[in-house]
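Chain letters run A, B, ... following the sequence lines, proteins first, then strands; residues in each count from 1. The figures here come from the full heavy-atom set of this structure, side chains too, leaving out hydrogens, waters and symmetry mates.
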Amino acid sequence: MQTQAIPLKGATRFIILSELIIPFILLILGVLLGLYQVLARAGIIKSPDILGINYYQGLTLHGVINAVVFTTFFAVAFGNAIMLHQLRRPLKEGVQWASWVLMVGGTLMAAWAMLTGRATVLYTFYLPMVAHWTFYVGATLLLIGSILPYFLDWIPNTLAWRRENPNAKLPLAVLGNLINFTLWFLIILPLATTVLFQMLPLSLGLIQETNVLVSRTLFWFFGHALVYFWLLPSYIMLYTMLPKLAGGKLYSDPAARLAFLLFLLFSIPVGLHHQYTEGGLSSGWKLWHAFLTFMVALPSFITAFTVAASLEHAGRNNGAQGLFGWMSKLPYWNKEGDRWLFAYFISGLILFLFGGITGIVNASYNMNLVVHNTAWIVGHFHTTVGGLVTLSFLGMTLFLIAKLRGVEVKAKGLALAAPYLWMIGFVIFEIALSITGLQGAPRRSNLGISYLDPSQSHLYRGDWLFWSHIGAFGGMIAVIGFLAFTISLVGTLFAKPVRQPEVDFPIAEAVHEQPTPLVVNLRPWVTATLLLIVISYTYPLYESMTRGVLANAPGYRSEGNSLQPPQQPSEQTSLPK
Amino acid sequence: MDLFEKRAMALALSLVLMFFGLIVYAAKGLQADLPTCLPNARLFKNGQMVEVGPNRYQVDAVAFMWSFDMGQGNTIKVPRGAVVDFYVTSRDVMHGYHIDKTLVNLMAIPGAVTYARAKFDEAGEYQIICHEYCGLGHQSMAGKVIVE
Ligand code: HEM
Ligand SMILES: [Cu+2]
Ligand SMILES: [Cu+2]
């Protein structure tokens, strides 16, 4: 375990810095669009578009920028910094530039398609909606760029480190990061299959018809583990950095390793829980995926326990007495050194409590029928990816930018207020959207010009109005928090350097270190992961093809934001009885 | 790993297994189950509603941009206490089919049929809402079940 700062200059420093700054600039647009959505969904703005951006075009941008571009860029930048810092080996400039060019180029291509209304297909781009080819190619380049450092920098560096330190344990942060990108690589494969063999050929006009169900099954083969790809960098921070910032130690190192390995094992073969409400897939297999989804809750429970135990350890270190005294002895508002970062983690954790509970409801098979595709779901993921993930990523972005520029964080008061405002805003947002969801309000809908427009009496749902307004109020508080963060970030970005540029992390020691044999040998874990994927996906994929390969589903192109029907409308074939 | 940790893990495992047991009971015991694969269901292009028995109905619903075809347009009428089998598909892109205040919450998929059953015990109007994005008119895509 390395705790020393490592100086950094030249191209690698520029690359990591820009991989943090570019997505943040896009995120400003993403958050402003979020503000428009929450106001439109409360009927406060009654318009199909804002400043020339259609609601669904904006929603596509919001989802793609916030949940894909921002998260992926950050995961790569953070991974680079962690590997550099923990293994003490330089990254190859050629690899880093190739990765950077692919990611930035891909993002620009997809952004062009979205901004010109040629990809108004939302961030899940479900067939048979078809986007312009630049959208698919752009997304593919972004993903390829994001995986290059893993293969060409991180794995070789880890192997070299192993040769030099044959008896040492792999640093925890390195293990977490490698597991995360192993996961990422595995799930890019099914996504690439549907993009390259179904979506892109449709978009280029090489084929006219497609199988929607197979594409959805492949998409969600990717889609659930995607959320763990967002989450694991946060978990790395919670395990390796939060305890140190709180003034204590990680409660248990082997438990942390076990949690990461369980994520590897269980986070992929669960995608059918996004397809509970779809015909064409057997409910028995849905139940199996539901079971595995509960299993993937285990590592999150372990994390909750370990993090709480570490915080208690820290609180007692800081002089706390009694059973719960430790809670009041944590650095909630501390401008000393790097302590401010604690606020981002603790606010994220509070939001994640809501995310975890609503997530278990979503996962619960038949209970999903109550909430599927309602506003409830939107509430849920703004406390997970929009909560713990976003807050820890933003905090770490500010932290790394300060270190990489050799400056002190500016406007620390605002930097400290930001996560709390965001957290309070999103707790309100989550509760409000949960309630409107239970009342039946759909997600992905511009309610302002339909259900919440009193002039449309056949649609009007006055009973959704109150909580939709509360949701808008919560969203506004979160946006104010984001504004506070932005001011501090911009200040830090232009501050005068006072130190050498460096990469540094507050890495905690562990209370319990002794390795458990279970978590040392990785090979059985990888084998079990692959086996579980094969077991869980062979039959559902086969099943989605038995009907689907024959069924004609012509594509509908996104042009000028609207979906264009196929030129020669083809008859749907009826299937053999 | 120390004792507390082992206990916490055992507790977490028992908790999720208990949740799962309750779900299986609700699905199989109380019959609140999910849509499943119907290998023999035929695909249909047009909507219809047929009375298949005493106060039992079958509804074939076709979703399209931006309404539902259930035989008589986007609205169906059934008497109180009716048991209705819904078969849902799509004529163009993905749509949703969520009947307010019921457990009918389905995806309409081109090339596939999704099925659910509901019993309407209370008189009133139940909105059917498309809850999957399906183009610029999506937000107004709705239908109705009128129970009298
Ligand atoms: C203050 C900030 C934000 C506000 C007010 C906001 C608001 C919203 C609202 C109201 C929706 C639902 C739109 C609809 O279903 O019709 C939405 C969707 C979404 N948001 Fe946010 N959001 C914010 C930040 C974020 C962040 C930081 C992330 C992720 C990192 C995020 C990820 C998403 C995703 C993935 C969707 C789903 C898009 C879809 O259904 O296609 N949001 N947001
Ligand atoms: Cu999932
Ligand atoms: Cu729709």
Side-chain angles (χ1 to χ4, degrees), chain A residues 54 56 122 126 128-129 211-213 252 254-255 276-283 286-287 290-291 294-295 297-298 301-302 305 309 360 364-366 369-370 372-374 440 442-447 449-450 456 459 512 516 543 546-548 551-553 556 561-563 565 572 574-575 577, chain B residues 1-2 4-5 8-9 11-13 15-17 19-20 23-24 26-27 32-45 65 88-89 91-94 96 98 100-101 103-107 109-116 127 129-136 138-140 142 144:
Chain A
N54 172 269
Y56 300 104
L122 303 196
Y126 291 142
M129 293 189 290
N211 174 337
V212 176
L213 192 58
S252 163
Y276 282 153
T277 60
E278 296 178 21
L281 297 165
S282 292
S283 56
K286 293 176 182 171
L287 195 59
F291 176 73
F294 280 112
M295 290 297 120
L298 280 182
F301 276 113
I302 295 176
F305 174 79
I360 286 181
S364 294
Y365 195 69
N366 32 25
L369 293 174
V370 182
H372 173 73
N373 263 3
T374 67
R443 68 182 281 202
R444 302 187 143 175
S445 300
N446 186 350
L447 302 181
I449 56 171
S450 54
Q456 307 210 27
L459 290 176
H512 300 282
T516 317
E543 201 170 38
T546 47
R547 283 193 73 105
N552 291 332
Y556 285 69
N561 288 325
S562 70
L563 297 172
Q572 285 200 348
S574 53
L575 290 166
K577 297 239 160 115
Chain B
M1 284 179 218
D2 77 348
F4 287 114
E5 232 159 40
M9 285 183 206
L11 186 71
L13 186 65
L15 200 65
V16 294
L17 288 179
F19 287 161
F20 188 72
I23 285 167
V24 173
D33 212 341
L34 292 184
T36 190
C37 181
L38 306 172
N40 297 319
R42 81 210 144 70
L43 278 176
F44 46 89
K45 274 183 294 188
M65 296 178 199
V88 180
T89 189
R91 193 184 289 164
D92 40 47
V93 296
M94 293 292 306
H98 184 199
D100 223 12
K101 297 174 278 188
L103 289 185
V104 179
N105 187 340
L106 307 171
M107 300 307 288
I109 309 169
V113 176
T114 314
Y115 162 80
Q127 224 166 17
I129 294 174
C130 173
H131 60 24
E132 184 56 85
Y133 167 67
C134 56
L136 292 181
H138 157 65
Q139 65 279 334
S140 309
K144 212 169 263 181

Which atom names give the shortest non-hydrogen contact between [X] and [Y], and what distance separates them?
| X | Y | value |
| --- | --- | --- |
| A:Leu459 | B:Ala142 | CD2-CB, 3.6 Å |
| B:Thr114 | A:Thr277 | CG2-O, 3.5 Å |
| A:Lys286 | B:Pro35 | NZ-O, 2.7 Å |
| B:Leu13 | A:Leu298 | CD1-CD1, 3.5 Å |
| B:Tyr133 | A:Leu122 | CB-CD1, 3.4 Å |
| B:Ile23 | A:Asn366 | O-ND2, 3.7 Å |

Engaged part of A:Tyr556 at the chain B interface, taking heavy atoms whose separation is under 4.5 Å: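 The answer is the side chain of A:Tyr556.
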Can you tell me which portion of A:Tyr126 sits under 4.5 Å from chain B's heavy atoms? Options are side chain, backbone, both or neither.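 A:Tyr126 touches chain B through side-chain heavy atoms alone.
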As an exercise, state the distance from [atom1] of [X] to [atom2] of [Y], rounded to the nearest 0.5 Å.
| X | Y | atom1 | atom2 | result |
| --- | --- | --- | --- | --- |
| A:Tyr56 | B:Cys134 | OH | SG | 8.0 Å |
| B:Asp92 | A:Leu563 | CG | CG | 8.5 Å |
| A:Glu278 | B:Leu34 | CD | CG | 11.0 Å |
| B:Ile109 | A:Asn211 | CD1 | CG | 10.0 Å |

What do you reckon, are the aromatic ring centroids of A:His372 and B:His98 less than 6.0 Å apart? no
What part of [X] gets closer than 4.5 Å to chain A, counting heavy atoms only: side chain, backbone, both or neither?
| X | answer |
| --- | --- |
| B:Asp100 | side chain |
| B:Val24 | side chain |
| B:Lys101 | neither |

Quick one: do B:His138 and A:Ser445 satisfy side-chain hydrogen bond (donor to acceptor under 3.5 Å, both in side chains)? Show the steps, please. CA-CA 7 Å; B:His138 157 65; A:Ser445 300; 3.0 Å; yes
With sequence neighbours excluded, tell me which residues meet salt bridge (charged side-chain N to carboxylate O under 4.0 Å, His left out) with A:Arg444. B:Glu132
Parallel, tilted or perpendicular, judged at 30° and 60°: which one describes the rings of A:Phe291 and B:Phe20?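 Perpendicular: the ring planes of A:Phe291 and B:Phe20 meet at over 60°.
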Kindly determine whether B:Leu11 and A:Phe305 satisfy side-chain contact (heavy atoms from CB on, under 4.5 Å), including the steps that lead there. CA-CA 11 Å; B:Leu11 186 71; A:Phe305 174 79; over 6 Å; no
Check the pair A:Leu281 / B:Thr36 against side-chain contact (heavy atoms from CB on, under 4.5 Å), numbers first and verdict last. CA-CA 6 Å; A:Leu281 297 165; B:Thr36 190; over 6 Å; no
I'd like to verify something: which residue of A:Ala297, A:Ala309, A:Ser450, A:Pro565 has the highest number of heavy-atom pairs under 4.5 Å with chain B?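 Counting heavy-atom pairs under 4.5 Å, the top option is A:Ser450.
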